[in-house]
Student: 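Okay, handing you the structure first.
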2 protein chains.
Amino acid sequence: MVRARKAAAPLSRDRILRAAVAVADSGGFDSLSMRSLASELGTAPMSLYRHVANKDDLFDGMIDIVFSEVEFPSQGGNWLATMRLRAISMHETLQRHPWAIGHMESRRRAGPANLRYHNDTMACLREDAGFSFPAAVHAFSVMDSYIYGFAQQENALPSDIPAEAEVRHDAVVEADPDAAERYPYLAQIAVELRKIDYDFSQEFEFGLDLILDALERMRDREPASGKK
Amino acid sequence: MVRARKAAAPLSRDRILRAAVAVADSGGFDSLSMRSLASELGTAPMSLYRHVANKDDLFDGMIDIVFSEVEFPSQGGNWLATMRLRAISMHETLQRHPWAIGHMESRRRAGPANLRYHNDTMACLREDAGFSFPAAVHAFSVMDSYIYGFAQQENALPSDIPAEAEVRHDAVVEADPDAAERYPYLAQIAVELRKIDYDFSQEFEFGLDLILDALERMRDREPASGKK
DNA sequence: ACCTGAACACCGTTCAAGT
DNA sequence: ACCTGAACACCGTTCAAGT
């Protein structure tokens with residue numbers, strides 16, 4: 001018979017990773033430290049090191065949780081619909097976990113969800129779309145560059161873009177009275193965005209569909225239209 | 001007559017910013033601290049605070065130096081050629097300053113080079129290309145999302161991609177013997193990239209031209225083909 | 001007044017002392 | 001043997017003491 005443990009709180013790698021994601025989601029990535037995470041879990045900082053090698057290993061695990069949240073239709077369907085849903089789901093996932101933006105592809109040790117995501121994307125492009133290998137790599141690269149880059153810009157921008165554009169423009173003009181003449185198109189942005197009641201969230205699908213359409217046209221031009 | 005200063009070393013905001021860029025370029029962003037920067041300049045850490053408000057203000061200045069290095073043809077030329085050169089120059093600039101990736105659009109206080117870059121881009125899209133205001137915003141968004149996202153992925157990836165793909169795949173298989181069956185398309189990547197002697201740097205222009213072509217087609221379809 | 005060393009409140013992680 | 005508190009080598013920045 002083993003000595004009773006502290007009720008309902010056995011530390012595990014999984015529990016640590018999920019707590020770390022929760023801390024980063026709510027307080028931002030800078031608020032996540034080994035010390036703050038330990039205190040959130042009711043343990044000493046050094047106790048975490050029994051389950052994660054270091055902070056980088058902790059981050060690897062967090063990123064794989066993010067990958068695991070991306071929806072991916074099963075293979076065999078319409079490739080455009082599959083890629084479109086995958087992109088929109090990744091975009092939404094990154095909105096939930098902005099601290100992951102810029103780090104999805106930079107992990108040296110990819111977790112199982114990461115591997116599955118990349119494997120299934122290539123499977124869709126090769127089998128469902130019928131792209132040649134080089135064309136599939138091209139398509140993968142342009143889609144994901146756009147998805148990650150958009151998330152990065154969206155995250156950098158303030159939530160109310162028209163209002164903020166005006167505020168920023170006012171600040172620029174205040175600092176430099178000649179700004180209105182020097183940067184007329186920035187002044188225009190501040191004015192026009194309010195007029196058209198601009199919502200950046202709609203912008204994502206515009207660029208996505210522009211790219212998907214272009215890829216579909218490229219596919220039609222590929223010599224072998226079937227598999228291989 | 002003023003007392004002679006320490007020869008050839010009057011501290012200034014500009015000198016501090018340039019030294020900071022040099023430190024980040026050579027040692028990575030993590031190697032840049034107020035202490036390391038001060039020692040590089042032969043001063044005490046606190047002396048820097050006379051010229052920069054804090055580390056964030058220092059970073060603002062560094063980012064504007066990066067913007068200032070992006071080539072931009074003067075207005076009035078072919079819009080596709082202008083946007084293409086701008087994109088390629090931004091890509092090269094980010095390769096020289098990888099620490100700036102992911103931070104170009106997130107600065108609250110934009111510097112003059114930043115303002116000029118955005119103003120000139122809108123000027124080209126509105127005047128040279130003749131896009132409507134909403135279409136110009138769409139085009140701006142999709143181009144820069146791609147440029148920044150590509151740089152991010154390229155920076156995350158190792159320099160010799162085919163070799164690294166093999167190494168990584170071997171590591172995955174070692175950790176999980178069933179990996180080859182579970183992720184057949186990742187195995188394919190490891191094999192095929194070597195065959196076609198893959199060079200990721202060529203990938204940038206593929207996606208860029210795909211997007212520029214699509215924007216040119218969109219422009220042809222716009223109701224008013226002239227200005228306004 | 002201007003400048004800057006010491007100090008403060010943090011980090012991630014090592015290491016040795018506890019059980 | 002497993003676990004973890006104290007300590008180390010860093011941070012950015014405040015503040016008060018120097019000139």
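A, B, ... follow the sequence lines: proteins, then strands. Residue 1 opens every chain.
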Student: Given atom CZ of A/R35 and atom P of C/dG12, what is their separation to the nearest angstrom?
Tutor: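 The distance from CZ of A/R35 to P of C/dG12 comes to 7 Å, rounded to the nearest Å.
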
Student: Can you tell me if B/S47 uses its side chain to pair, donor with acceptor, with the backbone of B/T43 under 3.5 Å?
Tutor: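 Between the backbone of B/T43 and the side chain of B/S47 there is no qualifying donor-acceptor contact (under 3.5 Å).
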
Student: Could you tell me how far apart B/F59 (CZ) and D/dT13 (P) are, to the nearest whole angstrom?
Tutor: 13 Å

Student: Just compare D/dT13, D/dG12, C/dT13 and give me whichever is closest to any side-chain atom of B/N54.
Tutor: D/dT13

Student: Mind checking the CE-CE spacing from B/M104 to B/M90? Nearest 0.5 Å is all I need.
Tutor: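 Here the interatomic distance stands at 4.0 Å.
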
Student: How many Å lie between CG on B/D30 and P on D/dG12, as a whole number?
Tutor: 11 Å

Student: Could you run down the sub-3.5 Å N/O contacts of the protein with nucleotides 3-6 of chain C?
Tutor:
unit_1	atom_1	unit_2	atom_2	d
C/dC3	OP2	B/R50	NE	2.9
C/dC3	OP2	B/R50	NH1	3.4
C/dT4	OP2	B/S47	OG	2.5

Student: Please report the distance separating the P of C/dC8 from the corresponding atom of D/dG18, rounded so that it comes out in whole Å.
Tutor: 16 Å

Student: Using the test ring pair (Phe, Tyr, Trp, His ring centres under 6.0 Å), find all partners of B/F67 that sit at least two apart in sequence or belong to another chain.
Tutor: B/Y117, B/H118

Student: When you check the side-chain N and O atoms of B/T93 and B/E69, is any donor under 3.5 Å from an acceptor?
Tutor: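 Side chains of B/T93 and B/E69: no pair found under 3.5 Å.
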
Student: How does DNA chain D look in dot-bracket notation if pairs are Watson-Crick or G-U with both distances under 3.5 Å, crossing ones as [ ], other-strand ones as |?
Tutor: ||.|||||...|||||.||

Student: Output every pair passing ring-ring contact (aromatic ring centres under 6.0 Å, His included) with a member in residues 22-57 of chain B, not counting sequence neighbours, ordered by first then second residue.
Tutor: B/F29-B/F59

Student: From NZ of A/K55 over to P of D/dC11, roughly how many Å is that when rounded to an integer?
Tutor: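 A/K55 atom NZ is separated from D/dC11 atom P by 16 Å.
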
Student: Under 3.5 Å, is there a donor-acceptor pair between the side chain of A/Y185 and the main chain of B/C124?
Tutor: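 No, because the side chain of A/Y185 does not come within donor-acceptor range (under 3.5 Å) of the backbone of B/C124.
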
Student: Calculate the interatomic distance between A/D56 atom CG and C/dC11 atom P; express it in whole Å.
Tutor: 18 Å

Student: Using a 4.0 Å cut-off on heavy atoms, which residues in residues 97-110 of chain A reach DNA chain D? List them by number, or say none.
Tutor: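 Contacting residues: none.
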
Student: Should the pair A/R13-A/D57 be classified as a salt bridge under the 4.0 Å nitrogen-to-oxygen rule?
Tutor: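 Judged by the 4.0 Å cut-off on N to carboxylate O distance, A/R13 and A/D57 do form a salt bridge.
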
Student: With a 4.0 Å cut-off on N to O distance, would you call A/D64 and A/R107 a salt bridge?
Tutor: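 Between A/R107 and A/D64 there is no salt bridge, as every charged N stays at least 4.0 Å from the carboxylate O atoms.
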
Student: Can you name the side chain to side chain donor-acceptor pair (under 3.5 Å) partners of B/E192, sequence neighbours left out?
Tutor: B/K195

Student: Is the centre of the A/F200 ring less than 6.0 Å from the centre of the A/F150 ring?
Tutor: yes

Student: Take atom CE of A/M34 and atom P of C/dT14, then tell me their distance rounded to the nearest Å.
Tutor: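 Atom-to-atom, A/M34 to C/dT14, this comes out as 11 Å.
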
Student: Between B/E71 and B/R86, is there a salt bridge with N-O shorter than 4.0 Å?
Tutor: no

